[in-house]
Amino acid sequence: MKTYRLTITMTNGDQTSCLGIYSDGFNAVIAAITNFPNAMRISARRLP
């Protein structure tokens with residue numbers, strides 16, 4: 001399991017970021033889509 005920083009941009013331009021532990025970046029993005037279905041952009045970066 002790796003630590004990922006998720007950056008979520010909503011349709012009105014607001015941004016938020018959070019940290020989470022996921023098996024890979026794909027699962028991190030799927031979790032963000034589930035929690036923020038109206039997001040305009042989602043970015044997942046693995047942290048060292």
Side-chain angles (χ1 to χ4, degrees):
M1 302 292 266
K2 306 280 188 203
T3 304
Y4 285 86
R5 177 183 305 276
L6 297 169
T7 304
I8 299 117
T9 305
M10 300 305 287
T11 55
N12 63 359
D14 289 344
Q15 277 190 339
T16 187
S17 64
C18 58
L19 297 176
I21 298 174
Y22 301 96
S23 59
D24 58 24
F26 181 76
N27 285 331
V29 171
I30 293 298
I33 290 171
T34 302
N35 292 321
F36 299 95
N38 295 329
M40 181 197 294
R41 182 183 321 169
I42 297 173
S43 170
R45 291 185 181 217
R46 191 177 77 178
L47 300 177

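Residues take their numbers from the sequence shown, with the count starting at 1. As a basis for the values below, the full set of heavy atoms in this structure was taken, side chains included, without hydrogen atoms, waters or symmetry mates.
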Handout entry: Heavy-atom closest pair, residues T11 and N38
Key = CG2-O, 3.2 Å

Completion exercise
Between A44 and G25 the two heavy atoms that sit nearest each other are CB-O, 4.3 Å

Supply the atom-to-atom distance [X] [atom1] to [Y] [atom2], rounded to the nearest 0.5 angstrom.
X   : Y   : atom1 : atom2 : answer
Y22 : M1  : OH    : CE    : 9.5 Å
L47 : Y4  : CG    : OH    : 9.5 Å
I42 : I33 : CD1   : CD1   : 4.5 Å
D14 : I8  : CG    : CD1   : 12.0 Å

Practice task
State yes or no: do M10 and L6 share one hydrophobic cluster built from I, L, V, M, F, W and Y residues joined by side-chain heavy-atom distances below 4.5 Å, directly or via other members?
Solution key: yes

Problem - Contacts of type side chain to side chain contact (heavy atoms under 4.5 Å, CB included), residue T34, not counting sequence neighbours - result: I30

